[in-house]
Amino acid sequence: MLNLWHPRTGSTCDGATRRDFLRVGALGLSSFMLSDLLRLRASESPSGKTTKNTSVVWLWLGGGPTHVETFDPKMSAPAEYRSMIGSVKTNLPGVEIGSVFPRMAANADKMAFVRSFAHTDSGHGGGTHYVMTGYDFPPADNGQAPNKPGLGSILSRYRGANNPATGLPTYVRVGGILGDGPAWLGPSYAPFDSSGNARNNMNLKLSRSGLEDRKALLRSFDSLSREIDRTGQMNGLDQFESQAFDLITSRARETFDINREDPHTRDRYHEAGELGKQMLMARRLCEAGVGFVTLHFGGWDMHGDLINQMKSLGPKVDNAVATFLEDCDDRGLNKDILLVISGEFGRTPRINGGGRDHWAPLTTLALAGGGLKMGQVVGESTSKVEVPKTSPISPQDLMATVFHVLGLPQDLHYTDPTGRPTPMVNGGKSIAELI
């Protein structure tokens with residue numbers, strides 16, 4: 001097993017702790033070996049479908065990021081409602097966002113800020129399920145497993161769990177997110193991230209400190225290859241076990257070797273911190289044929305001390321996202337990769353003891369790229385940033401918009417465990433201003 005630990009460990013008020021990590025070496029549930037999952041996926045891969053070569057990178061700000069201090073500061077509101085950290089002007093006339101996002105403000109022409117995104121579940125589990133699947137499921141607040149598949153798994157089911165040209169998985173998850181998985185679509189459409197291995201003696205673990213040293217990571221891959229060659233254990237491996245080994249060594253080496261990047265580009269991401277490195281990883285994955293990447297950057301459950309917490313987390317997101325946007329623009333990828341920035345809900349409009357509490361009636365959302373119409377604000381909130389003033393945009397509408405970018409049919413159906421054809425999008429409409 002190879003564990004790549006992400007530095008953000010977000011703790012929410014309900015006691016849940018989410019450690020952000022990427023585990024390369026196996027897929028699906030821990031009871032599945034990678035080779036088993038490759039067999040399963042090969043037997044279920046669809047054929048004869050025409051698909052787009054577009055990708056989605058979903059940056060999940062776990063804990064519920066405040067919609068006010070991020071993308072709707074509403075400085076005209078009374079002091080107990082408006083942004084506690086002030087605002088910064090963007091390069092769009094008359095548009096301001098939270099003051100800790102100056103680089104994103106300078107790239108606002110590459111973004112769309114949605115100020116009327118709303119739903120009805122202000123719980124961490126339920127809100128996450130609603131945004132990630134398009135469906136409300138309140139029992140998720142009590143720890144029940146998702147009852148609907150997430151967007152990445154739907155794409156994996158439609159395109160095939162592995163890219164036929166590269167062998168790479170269609171769906172990669174960096175850090176666990178409730179509702180970000182296959183549910184009843186089955187484990188063959190789970191994200192590429194969970195623990196497991198093709199042979200017990202192919203175990204390899206890399207600590208968080210190792211993530212800082214990509215050279216150590218590459219040496220680890222080389223050592224694994226040499227050990228297998230020395231012992232002759234590749235002899236006797238069947239087709240899928242060999243494929244699993246090749247994927248772990250060759251594909252992972254290629255993906256994680258950021259020294260292959262132009263040094264200037266690599267340094268720009270490094271300067272953006274650990275999240276920047278993860279964003280670079282996401283871009284490389286998308287370029288290599290991965291269709292859906294989720295990144296979890298937690299710590300946004302700000303019931304108190306909001307000003308200091310925003311000043312801590314905001315610049316990290318600002319630098320990482322701005323670097324990603326500029327890089328994708330330079331590389332001509334802004335039509336091929338859609339970036340979605342969201343969390344499970346927003347925060348209460350009225351400040352409460354130095355912070356804000358859970359608030360689903362307005363939820364944080366920004367998008368960039370994907371061939372959509374950028375450089376705009378979509379929707380409007382009321383004067384005290386309480387609810388949408390314009391027509392609400394729902395998780396179903398966001399889902400339909402992502403379907404549009406990925407080339408998925410809006411009427412896509414799959415059969416649920418009861419034998420019923422079940423629509424993946426049910427009533428959602430693509431966000432008209434973006435199309």
Side-chain angles (χ1 to χ4, degrees), residues 49-59 90-92 101-114 151-152 155 158-159 163-172 174 251 254-273 275-295 317-342 365-378 398 401-408 430-431 433-435:
K49 289 181 179 175
T50 301
T51 63
K52 297 172 71 174
N53 292 321
T54 46
S55 303
V56 169
V57 175
W58 197 301
L59 176 56
T90 72
N91 62 1
L92 301 175
F101 303 105
R103 289 190 60 197
M104 290 171 65
N107 284 278
D109 58 319
K110 304 179 182 69
M111 303 186 71
F113 304 105
V114 181
L151 281 158
L155 180 68
Y158 184 79
R159 288 188 180 177
N163 185 310
T166 66
L168 287 169
T170 296
Y171 175 24
V172 172
V174 183
R251 294 297 184 189
E254 180 181 345
T255 301
F256 288 104
D257 186 3
I258 60 175
N259 287 319
R260 299 188 183 205
E261 291 290 331
D262 172 79
H264 176 65
T265 301
R266 185 180 66 243
D267 291 346
R268 286 165 60 195
Y269 277 101
H270 279 205
E271 289 169 1
L275 180 59
K277 297 174 188 178
Q278 297 287 347
M279 296 292 286
L280 174 57
M281 182 195 304
R283 194 220 74 206
R284 290 175 61 81
L285 287 167
C286 291
E287 282 189 308
V290 173
F292 205 95
V293 181
T294 52
L295 303 174
V317 172
D318 183 49
N319 288 322
V321 169
T323 301
F324 181 86
L325 296 179
E326 293 163 359
D327 185 30
C328 287
D329 191 55
D330 291 343
R331 301 172 76 89
L333 295 173
N334 49 350
K335 293 185 179 179
D336 300 324
I337 300 175
L338 172 66
L339 173 66
V340 180
I341 305 171
S342 71
L365 177 63
L367 304 100
L372 301 176
K373 294 179 180 179
M374 295 291 110
Q376 62 172 316
V377 171
V378 177
L398 175 59
T401 306
V402 172
F403 269 42
H404 169 83
V405 171
L406 293 172
L408 299 176
S430 296
I431 301 172
E433 294 89 338
L434 299 178
I435 304 302

#### Entry: Note, L151 side chain near V56 side chain (heavy atom, < 4.5 Å)
no
## Note on the structure
Between E261 and R284, the two heavy atoms sitting closest are OE2-NH1, 2.8 Å
### Summary
In terms of heavy-atom contacts, G276 and Y269 come closest through O-CD2, 3.0 Å
## Note on the structure
One should read off an interatomic distance between T265 OG1 and L280 CG, to the nearest 0.5 angstrom, of 8.5 Å
### Task
Output, in order, the C-alpha distance, side-chain angles, deciding distance and verdict of side chain to side chain contact (heavy atoms under 4.5 Å, CB included) for R331 and I337.
CA-CA 11 Å; R331 301 172 76 89; I337 300 175; over 6 Å; no
#### Entry: Heavy-atom donor-acceptor pair, N91 side chain to A106 backbone, under 3.5 Å
yes
### Geometric class of the F292/Y171 ring pair [parallel <30°, tilted 30-60°, perpendicular >60°]
perpendicular
### Query
If you measure from CG on L372 to CG on L339, what distance do you get to the nearest 0.5 Å?
11.5 Å
### Query
To the nearest 0.5 Å, what is the distance between CZ (F324) and CG (L59)?
9.5 Å
### Query
Given the rule in the side chain to side chain contact (heavy atoms under 4.5 Å, CB included) test, do D336 and N53 qualify, once you have shown the distances and angles that lead to the verdict?
CA-CA 7 Å; D336 300 324; N53 292 321; over 6 Å; no
### Polar side-chain atom of N334 near backbone of D329 as donor-acceptor pair, under 3.5 Å
no
### Query
Between Q278 and L295, is there a donor-acceptor pair closer than 3.5 Å when you use the side chain of the first and the backbone of the second?
no
### Message
I need the minimum non-hydrogen distance between C286 and S55, along with the two atoms involved.
### Response
SG-CB, 3.5 Å
### Task
Calculate, to the nearest 0.5 Å, the distance between atoms CD and CD belonging to Q376 and E433 respectively.
6.5 Å
### Message
Can you tell me which residue among V405, I341, L398 is in a side-chain contact (heavy atoms from CB on, under 4.5 Å) with L367?
### Response
L398
#### Entry: Distance in Å, L338 CG paired with T401 OG1, rounded so as to fall on 0.5 Å steps
9.0 Å
## Note on the structure
From the list V317, T323, N319, side-chain contact (heavy atoms from CB on, under 4.5 Å) partner of V321 resolves to V317
### Message
Looking at every heavy atom in both L365 and S342, which two are closest together, and how far apart are they?
### Response
CD1-CB, 4.2 Å
### Message
Keeping T170 on the side-chain end and G291 on the backbone end, is there a donor-acceptor pair under 3.5 Å?
### Response
no
#### Entry: Residues L325, M374; criterion side chain to side chain contact (heavy atoms under 4.5 Å, CB included); working and verdict
CA-CA 12 Å; L325 296 179; M374 295 291 110; over 6 Å; no
#### Entry: Any donor-acceptor pair under 3.5 Å from N107 side chain to K110 backbone
no
### Message
Quick one, R283 with D327, criterion side chain to side chain contact (heavy atoms under 4.5 Å, CB included). Give me CA distance, side-chain angles, the key distance, then yes/no.
### Response
CA-CA 9 Å; R283 194 220 74 206; D327 185 30; 2.8 Å; yes
### Task
For residues I435 and S430, report the shortest heavy-atom separation together with the two atoms involved.
CG1-CB, 3.8 Å
### Task
Measure the CZ-CG distance between F403 and L155 for me, rounded to the nearest 0.5 Å.
8.5 Å
